[in-house]
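Note: hydrogens, waters and symmetry copies are ignored here, and every other heavy atom, side chains too, is used. The sequence lines fix the lettering, A, B, ..., with proteins before strands; numbering per chain opens at 1.
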Amino acid sequence: MVGPLDKDSWLGASGKDWDIVLSSRVRLARNVAGVPFVGMASDPDRNEVVGMVRRIPMFAGHDADLMWLEMENMGDRDRRMLVERHLISHQFADATFPRGVAISKDERLSVMVNEEDHLRIQTLAPGLALREAFQRVSEVRDEFESSIEFAFSPRWGFLTACPTNVGCGIRFSVMLHLPALRITEELGRVRQAAKDLDLAVRGYHGEGSESIGDFFQISNQITLGTSEEELLEEFLGSVVPQLVEYERHARSVLQEKKRMMLEDFVHRAHGTLLSARLLGIDEAIKLLSRLRIGRALGVVDSPDLAVIHRLLLNVQPAHLCALSGTTMEENDDSLSARAEMVRSALG
Amino acid sequence: MEHKCDRCEKPAQVHEVRIKNGKKQEIHLCPECAAAEGYGSTGGPMAQQFAKAIPVPPQSQKRRSTSCPTCGLSIAKFRHHGVLGCPNCYQAFEKHLEPLIARAQGGASHHSGHIPERQEGHMDRQLQRSKLLKQLNEAIAAEQYERAAEIRDSLQGLGGSMLGGEE
Ligand SMILES: [Zn+2]
Ligand SMILES: [Zn+2]
């Protein structure tokens with residue numbers, strides 16, 4: 001069973017620009033040379049890839065810091081919990097063939113084996129910490145490279161199942177909290193910047209998900225024709241600061257010109273969270289998002305941001321189910337359990 | 001009779017007959033594939049003349065089929081799912097992938113990031129070769145024939161299979 005969140009996890013409220021940047025993520029896609037990509041591979045091929053990974057000392061179980069989870073042996077709820085913690089993808093949770101994931105104790109490192117590509121190596125960190133996350137992912141990459149030959153072409157770089165990921169096969173992302181841009185109706189600036197700078201904008205749960213609670217995952221789409229370091233410098237040095245600056249500006253407008261409106265929606269959200277008896281998932285996240293900006297701007301002086309972050313995770317269906325014994329469906333029981341959990345955490 | 005493009009399924013508009021190793025060889029290409037092969041209509045007759053002198057890479061002669069010879073994935077299936085079957089699909093479908101990748105990658109067409117350590121050694125020549133090939137195409141497109149001839153000499157100096165054609 002998936003345990004409670006480690007205190008050092010990436011969901012902590014810390015790091016640079018913590019009030020706007022929830023977390024940073026770097027993900028590498030790699031495939032083993034001479035083996036069909038996961039979708040076309042046979043189960044023996046897929047098992048062979050799992051075996052190759054598990055023969056690397058770091059993943060053989062000697063490293064007390066890394067836990068190996070076979071997905072076929074996990075229940076639906078535990079797989080969902082890993083999705084909710086951003087450690088595996090929906091697609092990976094739902095697949096039915098041999099696959100597994102290695103997760104570090106602090107959950108800052110996870111390696112999915114047999115997702116769309118043979119390997120998806122990802123590192124997470126709280127706040128704006130892409131350089132640290134890149135450093136860690138490069139170390140793990142080197143560990144793999146000393147024992148596995150990756151599919152690589154001099155022209156296209158690392159060969160990935162989806163041809164749009166070739167080249168470095170790297171994805172830098174940040175999870176941004178942009179409620180002020182929503183309230184001031186300036187999210188169009190983010191969409192325009194994303195278009196101009198070739199960025200992907202996704203919701204809280206990645207591909208295809210809604211931007212519930214004004215959380216947006218922003219990542220680079222260009223992976224070819226430029227080095228990892230250049231991509232990092234551009235993303236970290238100009239893309240993210242620009243988006244953070246948009247939100248900061250919108251927040252200062254709210255504070256200076258629309259103070260009453262800001263206080264009103266923050267206190268309403270807080271009040272609802274403290275008194276609701278039935279709380280749906282979307283509503284809970286929306287209200288917690290408003291409480292989060294209120295806390296960041298000093299409209300309310302409790303709870304700690306870490307408490308809000310933990311609630312953002314724990315109100316989600318699989319976590320709620322694990323913590324309160326309800327089912328994962330949205331019904332009166334789970335809505336009531338969610339409201340009770342929120343009340344006792346904030347009360 | 002209407003010919004289909006040798007590289008994809010679209011109608012061909014560029015037709016050519018070559019004599020290679022004493023055998024007649026017909027070439028039919030759609031405008032896009034023709035441009036990718038250096039038969040650019042903007043290049044003028046000189047460029048076409050020069051392009052004819054450049055040996056065609058062997059893979060584009062052999063791979064007429066629209067399936068990957070290694071994993072069997074068909075181009076139709078790839079178009080439907082957007083996911084390739086194996087690393088060799090990149091060679092098998094190179095002409096189809098080139099425009100698609102260029103569109104997704106802001107026009108980029110060559111890797112310039114990390115190279116896996118164990119491959120660095122034998123990668124140098126290949127990398128140099130692919131860089132020269134790119135420069136050659138650019139020189140032809142710009143009608144810089146003297147420069148193109150120089151690049152071609154360096155390419156031949158490198159030897160190996162990417163130039164192919166001249167057994
Ligand atoms: Zn064609
Ligand atoms: Zn293939």
Most heavy-atom pairs under 4.5 Å with chain A, out of B:A104, B:G85, B:G106, B:G107, belong to B:G85
Indicate yes or no: at least one non-hydrogen side-chain atom of B:I101 is less than 4.5 angstrom from one of A:V166. yes
Answer yes or no: is there a side-chain heavy-atom contact under 4.5 Å between A:F37 and B:C89? no
Close side-chain approach of B:F78 to A:P163, heavy-atom, < 4.5 Å: yes
Let's test your reading of the structure: which of B:G113, B:A108, B:C86 forms the most heavy-atom pairs below 4.5 Å with chain A? B:C86
Looking at A:E72, I want to see if its CD is surrounded by more than 12 non-hydrogen atoms of other residues, nucleotides or ligands under 6.0 Å. yes
Crowding at CD, A:E132 (>12 non-hydrogen neighbours, <6.0 Å): yes
Quick one: does A:W156's side chain get under 4.5 Å of B:H110's, heavy atoms only? no
B:L84 versus A:C162: any side-chain heavy-atom pair under 4.5 Å? no
Among A:G169, A:P36, A:A41, which residue has the highest count of heavy-atom pairs closer than 4.5 Å to chain B? A:P36
Counting only heavy atoms closer than 4.5 Å, note whether A:V38 contacts chain B via side chain, backbone, both or neither. neither
Just wondering, do B:H114 and A:E145 contact through their side chains at under 4.5 Å, heavy atoms? yes
Atom group of A:T160 that falls short of 4.5 Å from chain B, counting heavy atoms: both
Do A:T223 and B:Q105 have side-chain atoms, one donor and one acceptor, less than 3.5 Å apart? yes
Could you grab the distance from atom CD of A:E228 to atom OG of B:S112, nearest 0.5 Å is fine? 8.5 Å
Which of these, B:H111, B:Q91, B:E98, sits in a side-chain hydrogen bond (donor to acceptor under 3.5 Å, both in side chains) with A:R155? B:E98
Measure the shortest side-chain to side-chain distance between B:P116 and A:F158 over non-hydrogen atoms and say whether it is less than 4.5 angstrom. yes
With a 4.5 angstrom heavy-atom cut-off, could you sort out which part of B:S109 is near chain A: side chain, backbone, both or neither? both
Heavy-atom distances under 4.5 Å only: say whether A:E229 touches chain B with side chain, backbone, both or neither. neither
